[in-house]
Protein chains: 2
Amino acid sequence: MLDRDQLRRSYDAVRRACRADWRSDDAGQAIIDLAVIALQFLDTDCDRVGLTSLAHGKEYVSFERNGVVARPVNRAYFTDDWEVIAQDWRRFAIGNLNAGQIERMMYTVALAPCLAIELFNRNDKKSPATYFECMVGHLFAKSLGIEPTRSASLPVAGRRVRMTMDFLFETAEDLPNIHLPVKMSTRERVVQAWSHQRLLDSAYGSGSYQGTLVAFSETKLDARKGEVVEICVPDQWLAYQTLLARMERIYYFDTPVRYQELTNNFGELIDIKPFHTFFTEIAPVAGQ
Amino acid sequence: MLDRDQLRRSYDAVRRACRADWRSDDAGQAIIDLAVIALQFLDTDCDRVGLTSLAHGKEYVSFERNGVVARPVNRAYFTDDWEVIAQDWRRFAIGNLNAGQIERMMYTVALAPCLAIELFNRNDKKSPATYFECMVGHLFAKSLGIEPTRSASLPVAGRRVRMTMDFLFETAEDLPNIHLPVKMSTRERVVQAWSHQRLLDSAYGSGSYQGTLVAFSETKLDARKGEVVEICVPDQWLAYQTLLARMERIYYFDTPVRYQELTNNFGELIDIKPFHTFFTEIAPVAGQ
């Protein structure tokens, strides 16, 4: 039986390990430790509830405890077997998983702690977002072998101005750096990702930083009706992408149907794909 | 004794009149009617409370009812005499007020309804913001003699995409149009204003739309301590202004101390001034 303090300690351990060294095995271990206790908690202390999916071709469920229903869970990607997940996390580190296994493992490790955190405190929106940032930051840092910075130094009015950004990876000479905004969902705030990209383009020249946006999903649960919808604004994204700045790649853990269609129709303008494909194209992401 | 339904009806009347015709006398009348009942309510049903101002050279008070303390009120600009305000609103329409009178009248008419709304429902953040948008939209529409639109049509991928913006005023030929973002305070969301400006610049050419940002204040009340601070991010603003897009003018109803300093130090880059000065420079704002 998980208690709130144990969950909090495990979550704090993730943040601490990432802050100390984003690339480290300690960070990876803290992440899988948290995911495992979250999965055990979901399995033993929570009830699974069915949801009605209004997203074409997708099935969603969730978990309930003390009358609180957590965010939607895509059945196709979620695995509740914590032993398999813990084993796959280790096997992944040595390159021993196929694409489908990577997809399910990443989705589960990203989501399980968020579900557990909100079942303990439904008003805590910040901790799930922070955990997701930690996980994605760690995976990029480890894959690229580069420690990220969390702010840019911009030349403004003859001096340097520091500006907080999600992650910046400074690669070797001659290779483009990477600007990595990370969002659990992009509602409302996503213009910031493109704006930061534009600031970097203006300050350092287009192409100095490749924009790589990582998002989890765009699902929204109507708790009363038990219905799941995906909130998408494809026209806005096209406008940002063509008139504000260019995101070289956009990765989703659970790609929304309408953004998949956007890429199908405007693939030369905007490239949206499943997160797990990052691991088969690390070299081009790193500009290698 | 004001009741919640009366306040709601009066607020709805403002929205309805503005939607019907932003320039209309009906809109102006609905605004001053709401401001007057709000001022009467503050005067008769609420207690005035002193606050500790941490903003240099400013004094703040507020109003309290049933244990709820409303947002901070700058003593230098607020007038609680509703008869003077109602009279000044009429005199303003015929150009019969000096700068100081305009400043106090505008500040009071903008703020009083927001105070009343939050004293009835402290969780309602949307209605004060909507009212403020209505008031500023009406004043610009009436002053310029132009009905605004609330969205831009942007050329994207060979077709037109509609994008919601606060206000766009399409002026006569040869004059720059006006892009008017309106924010009660700019915390968190202000990057949107500069981003929209950049979208317009990219789509129609720099200078096609003059960016004019109107904000009320940046005060934040620590209710427990009764302290008022101003939340400002001058370095971010300079970065947006030089690397993202250019706001031609930025108006405040209660200019934050640090943004005043920003203009004092970087006046050629960023022009931040009291809202009432708009009325003495309508011609240049309209590009005339």
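Just so we're on the same page: letters track the sequence lines, and every chain starts at 1. Only heavy atoms go into these numbers, but all of them, side chains included; no hydrogens, no water, no symmetry mates.
Between A/Val156 and B/Ala239, the shortest heavy-atom contact is CG2-CA, 3.7 Å.
Each of A/Arg162, A/Arg198, A/Arg159 has some count of heavy-atom pairs under 4.5 Å with chain B, and the biggest count is that of A/Arg198. In terms of heavy-atom pairs under 4.5 angstrom with chain B, the leader among A/Leu200, A/Leu238, A/Thr242 is A/Leu238.
In B/Arg65, the CZ atom is crowded: over 12 heavy atoms of neighbouring residues, nucleotides or ligands sit closer than 6.0 Å. Atom CZ of B/Arg246 has more than 12 neighbouring heavy atoms from other residues, nucleotides or ligands inside a 6.0 Å radius. The local environment of NZ in A/Lys273 is crowded, with over 12 non-hydrogen atoms from other residues, nucleotides or ligands closer than 6.0 Å.
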side-chain contact (heavy atoms from CB on, under 4.5 Å) between B/Leu244 and A/Ser202, worked out: CA-CA 7 Å; B/Leu244 189 49; A/Ser202 296; over 6 Å; no
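Only the side chain of B/Leu269 comes within less than 4.5 Å of a heavy atom of chain A; its backbone N, CA, C and O stay farther away.
In this structure, B/Leu154 CG and A/Tyr240 OH are separated by 10.0 Å, a value rounded to the nearest 0.5 Å. Put simply, CD on A/Gln192 and CD on B/Gln192 are 11.5 Å apart, with the number rounded to the nearest 0.5 Å. Rounding to the nearest 0.5 Å gives a distance of 9.0 Å between CG of B/Leu243 and OH of A/Tyr204.
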